[in-house]
Amino acid sequence: MDIDQLPRIETREFMNGTVLAVDDAGESATVRFLPPAGMTNPHGGVQGGFVAAMIDDAVSLATWFAGNERAFVTTSLICYYLRPVPAGTPLLATCRLVRAGRRQAVFDAFVTVEGSDEILVKAVQTQQFL
């Protein structure tokens, strides 16, 4: 897969996201984000909704390939915020396919600081193929 040939996604660009890896079969994807100023909560960390959007971006990328490029919608996204997500540092949103069927796909996902294995946010996302 040529990552440079993937379509432009405005929300990914807004969050300074770059696709690092995506499996041709949709088994996994990793997107690097450097959230811009203004995405923080009152405590100075990245606001949870933006973190969920990062996860959704990585999972949606993998879903496209897991579903043989069929249209889909997110039916559920459950995020477990385990640690604060620091602002101003590169973040990785990574997902792995748990199961893909005819009508839906389920992914595990997590967010880490680039270069660290410490999981900041863990998520489970279900996608419905249309």
Side-chain angles (χ1 to χ4, degrees):
M1 147 133 2
D2 184 359
I3 291 173
D4 294 329
Q5 297 301 316
L6 292 170
R8 178 177 170 260
I9 306 294
E10 289 185 35
T11 53
R12 183 182 301 139
E13 290 177 0
F14 173 72
M15 296 184 291
N16 296 317
T18 304
V19 177
L20 297 183
V22 61
D23 180 75
D24 287 337
E27 298 275 334
S28 63
T30 301
V31 182
R32 179 183 187 263
F33 293 96
L34 187 54
M39 290 184 130
T40 58
N41 60 30
H43 305 290
V46 179
Q47 195 269 342
F50 291 116
V51 176
M54 293 175 202
I55 291 167
D56 187 58
D57 183 71
V59 171
S60 293
L61 179 62
T63 301
W64 178 250
F65 294 100
N68 296 314
E69 301 184 11
R70 287 185 287 163
F72 62 89
V73 294
T74 300
T75 56
S76 69
L77 171 55
I78 302 168
C79 296
Y80 301 94
Y81 297 90
L82 306 173
R83 293 175 182 78
V85 178
T89 186
L91 303 170
L92 299 180
T94 303
C95 69
R96 293 191 180 98
L97 179 67
V98 174
R99 181 183 184 284
R102 288 180 336 150
R103 301 202 53 177
Q104 69 180 194
V106 178
F107 289 85
D108 283 333
F110 53 92
V111 173
T112 59
V113 169
E114 187 173 42
S116 173
D117 292 331
E118 183 177 52
I119 295 173
L120 306 175
V121 179
K122 168 86 171 91
V124 178
Q125 187 164 338
T126 304
Q127 306 283 65
Q128 183 76 40
F129 295 115
L130 301 177

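Heavy-atom basis, side chains included; hydrogens, waters and symmetry copies ignored. In this text, all values refer to a predicted model and were calculated from it rather than measured experimentally.
- Considering every non-hydrogen atom in both C79 and A52, the closest pair reads SG-CB, 4.1 Å.
- The stretch residues 45-54 participates, sequence neighbours left out, in no salt bridge (charged side-chain N to carboxylate O under 4.0 Å, His left out) pair at all.
- Not a single side-chain hydrogen bond (donor to acceptor under 3.5 Å, both in side chains) links E69 to another residue, sequence neighbours left out.
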Validation: residues 82-93 side-chain donor-acceptor distances under 3.5 Å, sequence neighbours left out:
{"unit_1": "R83", "atom_1": "NE", "unit_2": "E118", "atom_2": "OE2", "d": "2.9"}
{"unit_1": "R83", "atom_1": "NH1", "unit_2": "I119", "atom_2": "O", "d": "2.8"}

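- Applying the side chain to side chain donor-acceptor pair (under 3.5 Å) test to every pair with at least one member in residues 31-55, sequence neighbours left out, gives these pairs: R32-E114.
- Taking the side chain as every heavy atom from C-beta outward, R12 and L61 approach each other to under 4.5 Å.
- Rounding to the nearest 0.5 Å gives a distance of 9.0 Å between CZ of F129 and CD of Q104.
- Listed by chain and number, the residues in a side chain to side chain contact (heavy atoms under 4.5 Å, CB included) with F14 are M39, F50 (sequence neighbours excluded).
- When V59, V46, V121 are each tested for a side chain to side chain contact (heavy atoms under 4.5 Å, CB included) with M54, only one passes: V46.
- With sequence neighbours excluded, no residue forms a side chain to side chain contact (heavy atoms under 4.5 Å, CB included) with R99.
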Determine whether F107 and T63 satisfy the following criterion, side chain to side chain contact (heavy atoms under 4.5 Å, CB included), listing intermediate values before the conclusion. CA-CA 9 Å; F107 289 85; T63 301; 3.2 Å; yes
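- Hydrophobic clustering, defined by side-chain heavy atoms of Ile, Leu, Val, Met, Phe, Trp and Tyr closer than 4.5 Å, groups V106 together with V98, V124.
- Rounded to the nearest 0.5 Å, atoms CD1 (I55) and OG1 (T74) are 11.5 Å apart.
- For T126, the side-chain hydrogen bond (donor to acceptor under 3.5 Å, both in side chains) criterion is met by S76, not counting sequence neighbours.
- For R70, the side-chain hydrogen bond (donor to acceptor under 3.5 Å, both in side chains) criterion is met by no residue, not counting sequence neighbours.
- Surrounding CD of E10 are at most 12 heavy atoms belonging to other residues, nucleotides or ligands under 6.0 Å away.
- Nearest heavy atoms, C95 versus A58: SG-O, 3.6 Å.
- A chain of hydrophobic side-chain contacts below 4.5 Å, direct or via other Ile, Leu, Val, Met, Phe, Trp or Tyr residues, connects L77 to F33.
- The salt bridge (charged side-chain N to carboxylate O under 4.0 Å, His left out) check on D56 picks up nothing, with sequence neighbours excluded.
- Following chains of ILVMFWY side-chain contacts shorter than 4.5 Å, one cannot reach V22 starting from F110, and the two form parts of different hydrophobic clusters.
- With sequence neighbours left out, L130 forms a side chain to side chain contact (heavy atoms under 4.5 Å, CB included) with A71, V73.
- By the criterion of side-chain heavy atoms lying less than 4.5 angstrom apart, applied directly or through intervening Ile, Leu, Val, Met, Phe, Trp or Tyr residues, V111 is not grouped with Y80; the two fall into different hydrophobic clusters.
- In terms of hydrophobic clustering, with Ile, Leu, Val, Met, Phe, Trp and Tyr side chains grouped at heavy-atom distances under 4.5 Å, Y81 and L120 are assigned to a common cluster.
- Here the shortest heavy-atom pairing between D57 and I9 reads OD1-CG2, 4.0 Å.
- Evaluation of the side-chain hydrogen bond (donor to acceptor under 3.5 Å, both in side chains) rule for T30 yields T94 as partners, not counting sequence neighbours.
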